[in-house]
Amino acid sequence: MVVFRKGDHVWLDTQPNSEFNVPIGAVVKESDSGRILLEDDEGKEHWITARNMHMVHLMHPSSVQGVEDMIRLGDLHEAGMVHNLLIRHQEHKIYTYTGSILVAVNPYQLLPLYTVDQIRLYCNKRIGELPPHVFAIADNCYFNMKRNKRDQCCVISGESGAGKTESTKLILQFLAAVSGQHSWIEQQVLEANPILEAFGNAKTIRNDNSSRFGKYIDIHFNQSGVIEGARIEQFLLEKSRVCRQAPEERNYHIFYCMLMGMNTEQKKMLNLGTASEYTYLTMGNCTSCDSRNDAKDYAHIRSAMKILMFSDSEHWDISKLLAAILHLGNVEFQAAVYDNLDCSDVIDSPHFSIATKLLEVDSSELQNSLTNLSIIVRGESVSRPLNVAQAANGKDAFVKGIYGRIFLWIVNKINSAIFNPSSQKPKDRHQSIGLLDIFGFENFSNNSFEQLCINIANEHLQQFFVHHVFKLEQEEYLAEHITWNNIDFTDNHQALEVIALKPMNIISLIDEESRFPKGTDATMLVKINSLHGKSNVYIPPKSVHDTKFGINHFAGVVFYESKDFLEKNRDTLSANVMQVVHSSKNKYLREIFQGLDTTKRLSTLGGQFKQSLEKLMKILEQCQPYFIRCIKPNDYKKPLLFDRELCIKQLRYSGMMETIQIRKAGYPIRYSFEEFFERYRFLLPWSQRQKNDARQSCISISQAVLGKDESWQVGRTKIFLKDYHDTVLELQLQNVLTDKVLLIQKVMRGLKDRSQFLKQRRSAVAIQSAWRGYCCRKEFRMSLAQQHRAARVIQAHARGMLARHTFQRMKREVMLTDHLPTQEREEAEARQGRNVLANKPTNHDVISDQEMVDKIFGFLPSMIGGQEGQAPLGFEDLETKPNKLEEVDLDMVPMSVELEEEAHGLEEYTFPKFAATYFQGSSTHTHIRRQLRHPLLYHDDKDNVLASLAVWVIILRFMGDLPEPAMFAKSATTKSSSVMTQIYDTLGRKNQVQLKNDSPNMVRQADYREGRKDNKISKGISSLKLKRSSKLTGKVTEQLRTGEEAFQEDISISQRPMSNLEKVHFIIGNAILRPNESSLLFLWSCCCPSNLTDDS
Ligand SMILES: Nc1ncnc2c1ncn2[C@@H]1O[C@H](COP(=O)(O)OP(=O)(O)O)[C@@H](O)[C@H]1O
Ligand SMILES: [Mg+2]
């Protein structure tokens, strides 16, 4: 025995014998010595003793929380379903799926479920992807229509007040929103509703806005899915409501709206007062409805009529007939007897005359037609008087006839505005979504002919439903060799055959009897009894006097009251009434009766209904159907009140149980292999796709996505899936497609961005190069200016030096002339004369000091680096190709800076101090005019010693302190070439010899021996020149510093007479090549104590 603990959820089976009672959900509140206290779903407490414990069963966990799709319920029975609906209803979750069928429980309150955001949310989603919603069904209708190019339909069924019309309107709104364009035609389709509701809806005890007709709205879409029209089909308007209403119920809304909304002038023209003045509006003792505003609604109806192209005169015509109906309603009859026959007379009243005026008929003719009945017998019209009751019935029939025809005319008028016949052409073949809002199965205590028609319609729909959900499926599974467990299901085919399909069915018998002039309800019953008495569908009346017969419908047995069946079915007006209508001056009245009467009208109401129903079923069978089952949770229009028994009844009537079983056992989703492969091929890697074997590919896809053990099946031509397989596949497909789209986007964006980047980089490089060029040029110009300044400084120093020398010499000469004794002066003059003779300038020596300086320093670049202009005389051979020059080195030359350093160095180390420190022998800083025996500085190199002494000799000769040797040039070549060239030539020869012997070490040693600080000026000049020189020249120069031959050549040069320029070249040449000593000598020569201070 199961032991229940506190908190356990259980099923409690209290009254197993009651028809609509099923186990109720409960929770264990207490468990006490073998007893348990349960609180059921309705809040009632039950003590269950051990003896009754068999009434309690443990609840499946799926039922405790509730599920969105009832197929997944562990407790798959009515109790489980209704409990599931109950707990969801309490959480305001009014929608629940059963596979793809939607169960909608009326919340009787406005929930925030229908916002624009919700429409967006549900747009293009699979069923099951989001919580159940009527929008999900609408969305699937729409996108399946677009995807499969197949018409869709949605059958919305349920009891009156269950929410069918609201659901239809919500679907319409959703379709209008997602189909994109808010066009005029779309607006017209939407505005058709208020008009139809005004004329076809009324307040009943169950529903303040109960549709008293069935409707099928077929919405047409063009190829792009935009609404391009619609067509409305109406079924079986409840005309009796115009004349009679049950307590607490009203007539059709339009009467109350008209009386409340029309202006006084119009009302005056129609002689209308208030609703309470009219018999037809007060039968239910209810003229107002709390949830409605009739005046406001009237304005809405008027505007909707304008949108749907109702002209003002048409509206006025309708108003006139409606007013006539109200006035006719107030017309009464009084009994009279003529020729011993019960007759009737119309009681004279303003209402009758107003009615005749509005109908524009002759009043006596109308009176006559209402109080007499004309029938045509063998081509002749036979008239007989009617008693009061018959006359009143005749009047009601006339009124119902008028109203019914107004309604039909309005539906046709709406269709003429919203229906586009061109879309019927095959080339513009539209797709459509049909919405069927039709009354559900009804079983009242007193069921009339209308209930029979409604229930027959529901039998048809049930068959369609079962066919769709079960029968077709089973057939297909068999054909496809799918393993399928047969289950019992209720097939109402037999009931339908008896009621409406096979020959001599119940409807056809009623029809036949209706056409038979002598036929009565009793004769009709006799016929039905005799033909169907033994069938288990028809239940004959219990006795001969009993007028009730029963029919075993799919949802249970319903007993119908046969009284007035024939009259209702005939739905005809007497010939004299029709004559009055045809003689009326009211064009509109004639129009609405035109074409519908005489021969055509011979067809009965039942016959017409059957016809339109069969037509509807044909349309539905062409479509892919969806089903919405609306459930009314209570009869009191109260939110959060859930009447279990009422709901179980509706669930049973809606055939939901069968659905659950069929759906769960079957495969609601199926694709042909080609369709499946075409749609889901992206879920398989390219390499594994086998285009030639779609079946194998489908299996591979399903195995990869759904898994091998899943309950999908492969048939002969199709693959069969459960609802949730479809959801999984769709989600996967969406993911894969999203990835692919992202990849394409990535590549395209990469391509675009790369080309953009390359363009930008090219631009950046162009800008950079332009900018760098600009900067370099600017920097170059600055350093050029700097070098020019340096060159000018050097020039100034050299010129200064020469000027000072010239000055010294001139001074000395003056002193000699002025102070020496005559003999000495003569000697000096003679010496001077010799000197002059010796120094007599050759042709090329006749130059001024200025020119000489210019010549000497002419090689200095006029532009930076000396790349421009000619080298001065004697330095041409050092001229090298400009392009070998390394600009960066030139920039590094610290011209002015080094001069400043030099000046600074001189300040620190005075010349006498330097001389005292470094000079050899008896040499002091004081200048002497004799030949030196040693060089001023110490040299371990003999060449340098000799070279230094030679330079000093040339300096003395240049200064005039030594006479020129009286010897002429050896050769013209030597003479003509410059001293520098000769030195270099010699050095070049020497280099040829030395290159073989000298090691780099020696060169480095020589470099090392060179003082660094003591040759700044010469270094400045020589480095300038050296940098211009070739590498070879540099090497040669290095090697020559130690070369013996060079010296000998130097000697030979120095021993011939030289021009001043040659001397300067010689001195400076040596200064460049042997900087330390030569420069020092040169400096020493400048340091004549009489001219220089210690600091110079
Ligand atoms: N989804 C809903 N949300 C809120 N109220 C609803 C909803 N569906 C129906 N109702 C309420 O129930 C009433 C009856 O609905 P209706 O669609 O007219 O029923 P039916 O057409 O099935 O007779 C509506 O007037 C409305 O007040
Ligand atoms: Mg309705």
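None of the values given here were measured: they were computed from a predicted structure. Heads up: numbering here begins at 1 and tracks the sequence.
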| request: Carefully, step by step, assess His253 and Glu197 under the rule side chain to side chain donor-acceptor pair (under 3.5 Å). | output: CA-CA 8 Å; His253 295 320; Glu197 288 192 0; over 6 Å; no

| task | Take Phe593 and His582, measure what ring pair (Phe, Tyr, Trp, His ring centres under 6.0 Å) needs, and give me the verdict at the end. | result | CA-CA 8 Å; Phe593 275 86; His582 290 308; 7.3 Å; no

| request: Go through the steps for Phe419 and His220 under the test ring pair (Phe, Tyr, Trp, His ring centres under 6.0 Å), then give the verdict. | output: CA-CA 9 Å; Phe419 179 58; His220 304 153; 5.8 Å; yes

| request: Step by step, work out the side chain to side chain contact (heavy atoms under 4.5 Å, CB included) result for Val399 and Tyr280. | output: CA-CA 10 Å; Val399 165; Tyr280 282 162; 3.6 Å; yes

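The side chain to side chain donor-acceptor pair (under 3.5 Å) test with Glu513 singles out one residue from Thr523, Thr604, Thr520, and that residue is Thr523.
Ser160 and Asn207 share no donor-acceptor pair across their side chains, judged by distance under 3.5 Å alone. Side-chain contact check for Ser276 and Thr287: no donor-acceptor pair (N or O, by modelled atom type) lies under 3.5 Å. For the 3.5 Å distance criterion, the side chains of Ser543 and Asp546 fail to qualify, holding no donor opposite an acceptor. Counted by atom type alone, Gln579 and Ser369 present zero donor-acceptor pairs between their side chains at under 3.5 Å. Judged purely by distance below 3.5 Å, without hydrogens or angles, the side chains of Ser364 and Gln367 never pair a donor atom with an acceptor atom. In the model, Asn552 has no side-chain atom that pairs as donor or acceptor with a side-chain atom of Tyr538 under 3.5 Å.
Contact check on Arg206 versus Asp635 returns no salt bridge, with no Lys/Arg side-chain nitrogen under 4.0 Å from an Asp/Glu carboxylate oxygen. Ion pair Asp511/Arg570 not flagged as a salt bridge, since none of the NZ, NE, NH1 or NH2 atoms sits closer than 4.0 Å to an Asp/Glu carboxylate oxygen. Remark: Glu265 does not engage Lys268 in a salt bridge, criterion side-chain N to carboxylate O under 4.0 Å. With respect to Glu238 and Arg241, a salt bridge is recorded, a charged nitrogen being found less than 4.0 Å from a carboxylate O.
Listed by first and then second residue, the ring pair (Phe, Tyr, Trp, His ring centres under 6.0 Å) pairs that reach into residues 375-406 are Tyr252-Tyr403, Phe255-Tyr403, sequence neighbours excluded. Pairs of residues two or more places apart, or lying in two chains, never qualify as salt bridge (charged side-chain N to carboxylate O under 4.0 Å, His left out) while including a residue from residues 361-375. Screening residues 385-403 for salt bridge (charged side-chain N to carboxylate O under 4.0 Å, His left out) gives Arg244-Asp396 as the qualifying pairs, with residues at least two apart or on separate chains. Under the salt bridge (charged side-chain N to carboxylate O under 4.0 Å, His left out) criterion, the residue pairs touching residues 435-457 are Lys215-Asp437, Glu450-Lys568, with sequence neighbours excluded. The salt bridge (charged side-chain N to carboxylate O under 4.0 Å, His left out) contacts involving residues 279-291 comprise nothing, where partners must be two or more places apart or lie in separate chains.
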Mind listing the side-chain donor-acceptor pairs of residues 338-347 below 3.5 Å, one per line with the distance, residues two or more places apart or on another chain?
residue, atom, partner, partner atom, Å
Ser344, OG, Leu386, O, 2.7

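Leu509 pairs by the side chain to side chain contact (heavy atoms under 4.5 Å, CB included) definition with Met504, Ile528, Leu531, His532, not counting sequence neighbours. Contacts of Asn576 classified as side-chain hydrogen bond (donor to acceptor under 3.5 Å, both in side chains), with partners at least two apart in sequence or in another chain: Ser374, Ser574. Not a single ring-ring contact (aromatic ring centres under 6.0 Å, His included) links Phe559 to another residue, sequence neighbours left out. In this view, Glu360 and Lys320 satisfy the side-chain hydrogen bond (donor to acceptor under 3.5 Å, both in side chains) rule, not counting sequence neighbours. Under the side-chain hydrogen bond (donor to acceptor under 3.5 Å, both in side chains) criterion, Gln187 pairs with Glu191, sequence neighbours left out. In this structure Glu277 satisfies the side-chain hydrogen bond (donor to acceptor under 3.5 Å, both in side chains) test together with Thr274, sequence neighbours excluded.
Considering all non-hydrogen atoms of both residues, Leu620 and Cys153 come closest at CD2-SG, 3.7 Å.
Not one N or O on the side chain of Thr282 forms a donor-acceptor pair closer than 3.5 Å with the backbone of Asn285.
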